[in-house]
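Predicted model only: the values in this text are computed from it and were never measured.
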Amino acid sequence: MTPQLTLQAPVELPPPELTSYLEKLWQHDLEHSSGASTFTLLVWQPAWVEQHLVRLGRLEGPVTGVVRPEVLEAAREAVDFCGLPPSTSPLAPELAMALGEHTGVDHVGEDLRGQHVESAISAYQPRRLITLAPTLSKSAGLETLVAAYCPLSEEGNNGATCGDVVVLRGDFDALREGLSLLQPLVPDDLPCWVWWNGSLEEAPDLLAALSSPGRRLVIDSALGPPRRCLDLLEERVNSSTAVNDLNWLRLRGWRESLAMVFDPPGRRESLSHVVHLDIDVEGSHPVQGLLLAAWIADRLGWHFVTSYNMDGDAIGADFERSDGTEVRLKLMPVPVGIPSSHPGTIVGLRLICEPDDRQPLCVILCSETGGCMRLEAGGVARMELAEDVVPKVPGSDEMEMGRLLGGGHDSTTPLLAAAAPLAAKLLPH
């Protein structure tokens, strides 16, 4: 975390006094520290898994909302405790639901969600960071908290970069009532980002209210029912409303590695002769695999024909190349021993090309944490084999969010805008 000078320590306030207190804070109490002219960041931060782990005494508090190693370790142990499949991601909503079914002596941990600014985000000096922190208690009233801070640099503190943090905490009903407090807290003259850092199936009315037109929405399509995730992406793209997807950003290494395989001039022609695409993903959440398949199909100009369910929760799809040749996609869920932190992470990819005048080419990409034994079988010995390992892109969700903030992105990136609607078609209804 970036060192910070706390101009005003966290203060709990009655909700009706929130707006007037902030106005007084900057106009009088901190009149020599002008606020940064940057952006507002609204964050939905449920951290359900972490809350339940602390409640059950399986993780020592406080609750921070940050996916730190201790949370992942405790969550992986809880997968077995709850009797879930070993391939269940430690951040999967299914784990939070399973933990919620366990009762016992409730351990109370301090709730610090939203009270600190992670370094990957504070580096871009947000003017205001507003966190909505839903609680496990279904009878918790609305609590509001305010703090002011300034990031410290090696050159010393610059008052122009100061900002404040606002936390709204309570159950769903309380947070809905608190929406009326948000509008005057979001300056009209500054960009506003909305980071929905939770499952896309929960509180759709709150998501719609927070991500109103003009605000830049950031979601994670690894969290929530696949159809809901892809439909939301497609809806935002079709309405020309800015959307970014952390699950899409995690595909950066796969896109770059695949492009590098075909970088040699002798292989580029093979891209026009693809006949089969296999993608393996962890567990049963197919969205990341479908987004990668859609990106490949869009870049190579394939025409979508149909998609269908296959045995074992696999997904199949047929495309047609520009020369009329059929291309088949198979997306296969595979079990893994130690799943990654996000549901549906890609394990491997196989692309088979059959040029008319040369030996067939088989391209296999594997993740660092998973093998490709299944993809290496099936007659690839007769083909030219190009095999590589896709390096794991280091970084947390906060770091990915920081990259988005640093890049601006006031609209949906063109590659995602092209891939998302096609990925939605690839998921059978």
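Heavy-atom contacts from other residues, nucleotides or ligands closer than 6.0 Å to CG of Asp205 number more than 12. Heavy atoms of other residues, nucleotides or ligands lying less than 6.0 angstrom from CG of Asp188 number 12 at most. No more than 12 heavy atoms of other residues, nucleotides or ligands shown are found within 6.0 angstrom of CD on Glu60. Residue Asp313 qualifies as open at atom CG: its count of foreign heavy atoms under 6.0 Å is 12 or below. Heavy atoms of other residues, nucleotides or ligands lying less than 6.0 angstrom from CE of Met310 number more than 12.
Between Arg113 and Glu50, none of the side-chain N atoms (NZ, or NE/NH1/NH2) sits under 4.0 Å from a carboxylate O, so this pair counts as no salt bridge. Using a cutoff of 4.0 Å between basic side-chain nitrogens and carboxylate oxygens, Arg228 and Asp231 are not scored as salt-bridged. Asp164 has a carboxylate O that lies under 4.0 Å from a charged side-chain N of Arg128, or vice versa, which qualifies the two as a salt bridge. Comment: Arg127 does not engage Asp189 in a salt bridge, judged by the lack of any side-chain N to carboxylate O separation of less than 4.0 angstrom.
If you take CG on Asp111 and CG on Leu136, they are separated by 9.5 Å, rounding to the nearest 0.5 Å. Atom CD1 of residue Ile219 and atom CG of residue Leu200 lie 5.0 Å apart, to the nearest 0.5 angstrom. Note that CG of Leu415 is 12.5 Å distant from CZ of Arg252, once rounded to the nearest 0.5 Å. In this structure, the separation between CH2 on Trp195 and CD1 on Ile121 is 5.0 Å, given to the nearest 0.5 Å. Atom NE2 of residue His285 and atom SG of residue Cys229 lie 4.5 Å apart, to the nearest 0.5 angstrom. The CD atom of Glu201 lies 15.0 Å from the CZ atom of Arg227; values are rounded to the nearest 0.5 Å.
Between the side chain of Ser307 and the backbone N or O of Lys425, at least one donor-acceptor pair lies under 3.5 Å. For the pair Gln288 (side chain) and Ile346 (backbone), a donor-acceptor distance under 3.5 Å is present. Under the 3.5 Å distance criterion, the side-chain polar atoms of Arg236 are matched with a main-chain donor or acceptor of Ala242. Panel note: side chain Glu282, backbone Val336; no donor-acceptor pair is recorded below 3.5 Å. The backbone N or O of Pro191 sits nowhere less than 3.5 Å from a side-chain atom of Arg216 that would complete a donor-acceptor pair. Thr38 places a side-chain N or O within donor-acceptor distance of the main-chain N or O of Gln125, the cut-off being under 3.5 Å. One N or O on the side chain of Ser89 and one on the backbone of Ser341 form a donor-acceptor pair closer than 3.5 Å. At distances below 3.5 Å, at least one donor-acceptor pair connects side-chain atoms of Arg55 with backbone N or O atoms of Leu99.
In this structure, Leu404 and Glu400 have side chains that are not in contact, with every pair of non-hydrogen atoms separated by 4.5 Å or more. Residues Leu175 and Leu142 have side chains in contact (heavy-atom distance under 4.5 Å, counting atoms from C-beta outward). Annotation: side chain of Leu210 is in contact with side chain of Leu179 (closest heavy-atom distance under 4.5 Å). With contacts defined as side-chain heavy-atom distances shorter than 4.5 Å, the pair Leu349/Val390 does not qualify. Looking at heavy atoms from C-beta onward, Leu249 lies out of side-chain contact with Met401 at the 4.5 angstrom threshold. Considering only heavy atoms from C-beta on, Trp193 comes within 4.5 Å of Leu405 through its side chain. Taking the side chain as every heavy atom from C-beta outward, Asn244 and Arg403 never approach each other to under 4.5 Å. Side-chain contact between Arg328 and Val275: absent, with no pair of heavy atoms (C-beta onward) separated by less than 4.5 Å.
Partners of Thr325 by side chain to side chain donor-acceptor pair (under 3.5 Å), not counting sequence neighbours, listed by chain and number: Arg321, Asp323. Applying the salt bridge (charged side-chain N to carboxylate O under 4.0 Å, His left out) rule to Arg215 yields no partners; only residues at least two apart in sequence or on another chain are considered.
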inquiry  = Set out, in order, the CA-CA distance, both residues' side-chain angles and the distance that settles side chain to side chain contact (heavy atoms under 4.5 Å, CB included) for Leu232 and Val243, then state yes or no.
reply    = CA-CA 9 Å; Leu232 178 59; Val243 62; over 6 Å; no

CA sep, side-chain torsions, deciding dist, call: Ser221, Asp245, side chain to side chain donor-acceptor pair (under 3.5 Å) = CA-CA 6 Å; Ser221 63; Asp245 180 12; 2.6 Å; yes

ask   = How far apart are the C-alpha atoms of Leu427 and Val287, what are their side-chain angles, what is the distance that settles it, and do they pass the side chain to side chain contact (heavy atoms under 4.5 Å, CB included) test?
value = CA-CA 8 Å; Leu427 183 65; Val287 173; 5.9 Å; no

Arg358 and Glu384: CA distance, side-chain angles, deciding distance, salt bridge (charged side-chain N to carboxylate O under 4.0 Å, His left out) verdict = CA-CA 10 Å; Arg358 57 179 295 178; Glu384 176 190 352; 3.4 Å; yes

key: Leu385/Cys362 under side chain to side chain contact (heavy atoms under 4.5 Å, CB included): CA gap, chis, key distance, verdict   = CA-CA 5 Å; Leu385 182 62; Cys362 178; 4.1 Å; yes

inquiry  = Using the rule given for side chain to side chain contact (heavy atoms under 4.5 Å, CB included), can you reason through Phe319 versus Val274, listing the C-alpha separation, both sets of side-chain angles and the distance that settles it, and then say yes or no?
reply    = CA-CA 11 Å; Phe319 297 92; Val274 177; over 6 Å; no

request  = Take Trp48 and Glu202, measure what side chain to side chain donor-acceptor pair (under 3.5 Å) needs, and give me the verdict at the end.
outcome  = CA-CA 11 Å; Trp48 297 124; Glu202 62 189 25; 2.8 Å; yes

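Nearest heavy-atom pair, Ala92 versus Val49, reported as atom, atom and distance to 0.1 Å: O-CG2, 4.2 Å. Contact between Arg68 and Pro62 at its shortest, heavy atoms only, is NH2-O, 3.4 Å. Minimum interatomic distance between Pro355 and Pro360 (heavy atoms only, all atoms of both residues): CD-CA, 4.3 Å. The two atoms that bring Leu422 and Ala297 nearest to each other are CD2-CB, 3.8 Å, heavy atoms only. Here the shortest heavy-atom pairing between Ser199 and Gly224 reads OG-CA, 3.4 Å. What you find for Ala420 and Val237 is that their closest heavy atoms are CB-CG2, 4.3 Å.
Arg169 pairs in a side chain to side chain contact (heavy atoms under 4.5 Å, CB included) with only one of the listed residues (Thr135, Thr131, Leu132), which is Thr135.
Classification of the Trp196-Trp44 ring pair by plane angle, with boundaries at 30° and 60°, yields parallel.
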Can you give each donor-acceptor pair under 3.5 Å made by side-chain atoms of residues 71-88, sequence neighbours left out, with the distance rounded to 0.1 Å?
| from | atom 1 | to | atom 2 | distance (Å) |
| --- | --- | --- | --- | --- |
| Arg76 | NE | Pro339 | O | 3.4 |
| Arg76 | NH2 | Pro339 | O | 2.8 |
| Thr88 | OG1 | Pro85 | O | 2.7 |

